[in-house]
Every structure is written in structure tokens, then in C-alpha cells.
Amino acid sequence: MAQNNTHRTPGRAQLPAHHAQRAARGLGGAAVLGGVVLGTAFTGGAAQAAPAAPAAPAAPVASAPAAQTLPAAPSIVAPSAVLDSTQKLRWGSRGGAVQDLQSALNGHGASLAVDGVFGPRTHSAVKSYQSSQGLLVDGIVGPQTRGALNGAGVSTGGASVSTSSSSSSSSSSSIVDAARSALGTPYSWGGASLGGMDCSGLVNYAYEAAGIDIPRTSSQIANGGRWISQSQAQPGDIVAWSGHVAIYAGNGQIIDASGSKQRVVERSIWGNPIGFVTYR
């Protein structure tokens, strides 16, 4: 009986597709199935996806410097005078200029009522201030004290001294002339006019004629000015006794409203005065 054996080479069965696969590898090793090339490109190398371009690092954003607030420029305040530049203040003075004085003294440690009345407390505060500043301690706010309170220097040049001397001479004449004009005026306690005057009324009358403010009573007049020696006294200055004041006329003479003579008289200095006082 005939056998249908075929003569094969022992081994794996060869299929038609096997040959196709071998042929396809000649194209670069890629398997071709059904006419479709799988896994490779025809360039002869393995198919690779083009790497994505790395993202460029983001450029740092330059931040604007924070706005800085500059410190405000210090304000410059021009110094201003706290006291009137011409008015002389002393015991008995009143008004706005005295209020300015009291405020200025309070700024230097005083504790005054700003009432516009130059009384004993203001007088004492002025003297304390003058002492602390090395000024003449007379309780009168004249050019030197006013200049110190206003923060200005005090001029001592020749022109200033000359002007002061001229002014003093003029006021001396005015004071003495006014006092002499009252000679014979009847004595009247509390009076200050040609109709009648007492000792302090005569002094006020004479000083008012010269444009100088002074206190009203004899004790205030004596304590409100600057004490000087008899050798320093000039016509127009004041001679003081306990409870009495008179105008010094020069050469040992005075003009006063005499209680004993009951009128205004000119005579030699009498008794024992307690001192001489100037307001200039």
C-alpha cells in the first residue's frame, strides 16, 4: 500500500509567511504584514519620535524696586520776635505786650498767669530770667532782656550806645520839665493831674510826659525800677523814701508833691532817702 509520506527536512515547518518575513527583513528588519510596515521607518533605522524641544527656562521677571517714601524735608520756621521791638515793660505795664512777655517767661520755666498785668510775680520772674542769662537784674524788660527773650544778640556797638545816651538825655529833660510845670499844684492824695496830685501822681505825670510807663504807687515805683547810687543818678531819675518818691532834678535838688507843704515844690534832698531808682 502506497504511503503518502513526504520527504521533509526535519525541523520546523516552513510556512509561506516565513519567507515573506525573511524577505521583509532585507528592507531593514521591519516586519511587513499585509503590506503595512510596522515598527520602523524606511530610513533604515528604528523609528523614533523626535524629542520635544525643552522648554526654554522662563526669563526672570525683573521686579521694579518698591517705591520708597523719602522722609519729609524738615520744615524751617524763621524765628520770630515774641516781644514788641520798641516797648519797654516794667511793673505797672498792662496789655497784650505784657501777655506776650508772660508767655515767653513761661517758656523759660516761669508759671505766670497770662493776664497782661505786670505785677509782683511777673516782676520777680523777669529778675529771675535776667539773673539766669547774666543780664542786669533790674526787673525792667528793656532792649537787652527783650533781645535775649527774642533769641537775638544785644548790640553794644558805639552807634547803639550813642543812640541810647541821646534818648536818655532827651527823656531826662522831658521828665524834669514836666515836673517843674506842676510846681504849685495842690497836694491831693491819689491825684495825678494839675488839678491835684500826690507824690506818686507827680512822678507818673512827669514820666507820662516823657512817654515812659511806670507803676502807680510809691512802693511799686521804688521796687519796679533799678536801684542805683546817688553818684549814678541823672536828672529825671527817682529819689525814694519809705512811702514817698520824688523826681531828681540834679545838683542835689528834687521836685516832689509834699504832704507837709501841701503842694508840689522844688527843694534840696531832705532826710534820709532809702535810695535812687532809674527806669532807663
Side-chain angles (χ1 to χ4, degrees), residues 87-95 97-98 116-120 122-124 126-127 138-142 167-280:
Q87 187 175 2
K88 185 177 284 189
L89 302 175
R90 54 172 61 84
W91 194 323
S93 297
R94 293 173 176 266
V98 177
V117 179
F118 196 131
T122 301
H123 181 70
S124 177
V126 169
K127 284 189 171 183
D138 59 3
I140 301 173
V141 182
S167 175
S168 177
S169 175
S170 174
S171 65
S172 293
S173 297
S174 298
I175 294 167
V176 173
D177 288 348
R180 285 196 172 121
S181 73
L183 290 173
T185 298
Y187 181 89
S188 176
W189 189 84
S193 70
L194 295 179
M197 57 182 63
D198 60 10
C199 65
S200 59
L202 168 65
V203 175
N204 270 265
Y205 175 81
Y207 270 69
E208 184 179 356
I212 300 174
D213 255 346
I214 61 170
R216 177 62 182 89
T217 68
S218 59
S219 61
Q220 290 174 343
I221 291 171
N223 291 311
R226 176 167 56 91
W227 290 95
I228 55 175
S229 67
Q230 183 171 354
S231 63
Q232 294 174 305
Q234 299 294 319
D237 288 334
I238 296 165
V239 186
W241 290 260
S242 179
H244 187 71
V245 286
I247 301 294
Y248 182 60
N251 299 319
Q253 298 291 302
I254 61 167
I255 303 170
D256 68 334
S258 170
S260 61
K261 298 184 179 296
Q262 288 295 294
R263 66 183 187 277
V264 175
V265 297
E266 183 168 353
R267 53 180 168 165
S268 298
I269 295 174
W270 51 269
N272 296 304
I274 60 176
F276 292 74
V277 179
T278 186
Y279 276 84
R280 293 169 295 169

Are any side-chain N or O atoms of [X] and backbone N or O atoms of [Y], one a donor and one an acceptor, separated by less than 3.5 Å?
X	Y	result
Tyr279	Gly225	yes
Gln232	Ser229	yes
Thr185	Val264	no
Tyr187	Gly191	no
Arg90	Asp213	yes
Gln262	Gly259	yes
Tyr248	Ile255	no

Please report the shortest heavy-atom distance between [X] and [Y], naming the atom on each side.
X	Y	answer
Ala210	Ile175	CB-CG1, 3.6 Å
Gly236	Ile247	CA-CG2, 4.3 Å
Ala182	Leu202	CB-CD1, 3.9 Å
Lys88	Arg280	NZ-CA, 3.6 Å
Ile228	Asp237	CD1-OD2, 3.6 Å
Phe276	Ala233	CD2-CB, 3.7 Å

**Request:** Report yes or no: do Asp256 and His244 form a side-chain donor-acceptor pair below 3.5 Å?
**Result:** yes
**Request:** Answer with yes or no whether the side chains of Gln234 and Thr278 bring together a donor and an acceptor at under 3.5 Å.
**Result:** no
**Prompt:** So, are Arg216 and Asp198 salt-bridged, with charged N and O less than 4.0 Å apart?
**Reply:** yes
**Prompt:** If you count the non-hydrogen atoms of other residues, nucleotides and ligands that lie under 6.0 Å from CD in Glu208, is the total more than 12?
**Reply:** no
**Message:** Is it true that, when you exclude Arg94 itself, more than 12 heavy atoms of the residues, nucleotides or ligands shown sit nearer than 6.0 Å to its CZ?
**Reply:** no
Are [X] and [Y] close enough that some pair of their side-chain heavy atoms sits under 4.5 Å apart?
X	Y	result
Glu266	Ile254	no
Val277	Ile221	no
Arg267	Ser258	yes
Gln253	Ser268	yes
Val98	Val117	no

From [X] atom [atom1] to [Y] atom [atom2], the distance as rounded to the nearest 0.5 Å:
X	Y	atom1	atom2	answer
Asn272	Ile274	CG	CD1	11.0 Å
Asn223	Ser124	CG	OG	11.5 Å
Leu194	Ser181	CG	OG	6.0 Å

**Asked** Parallel, tilted or perpendicular: which describes the rings of His123 and Trp91, with under 30° parallel and over 60° perpendicular?
**Response** tilted
**Parallel, tilted or perpendicular: rings of Trp241 and Trp270 (30°, 60°)** = parallel
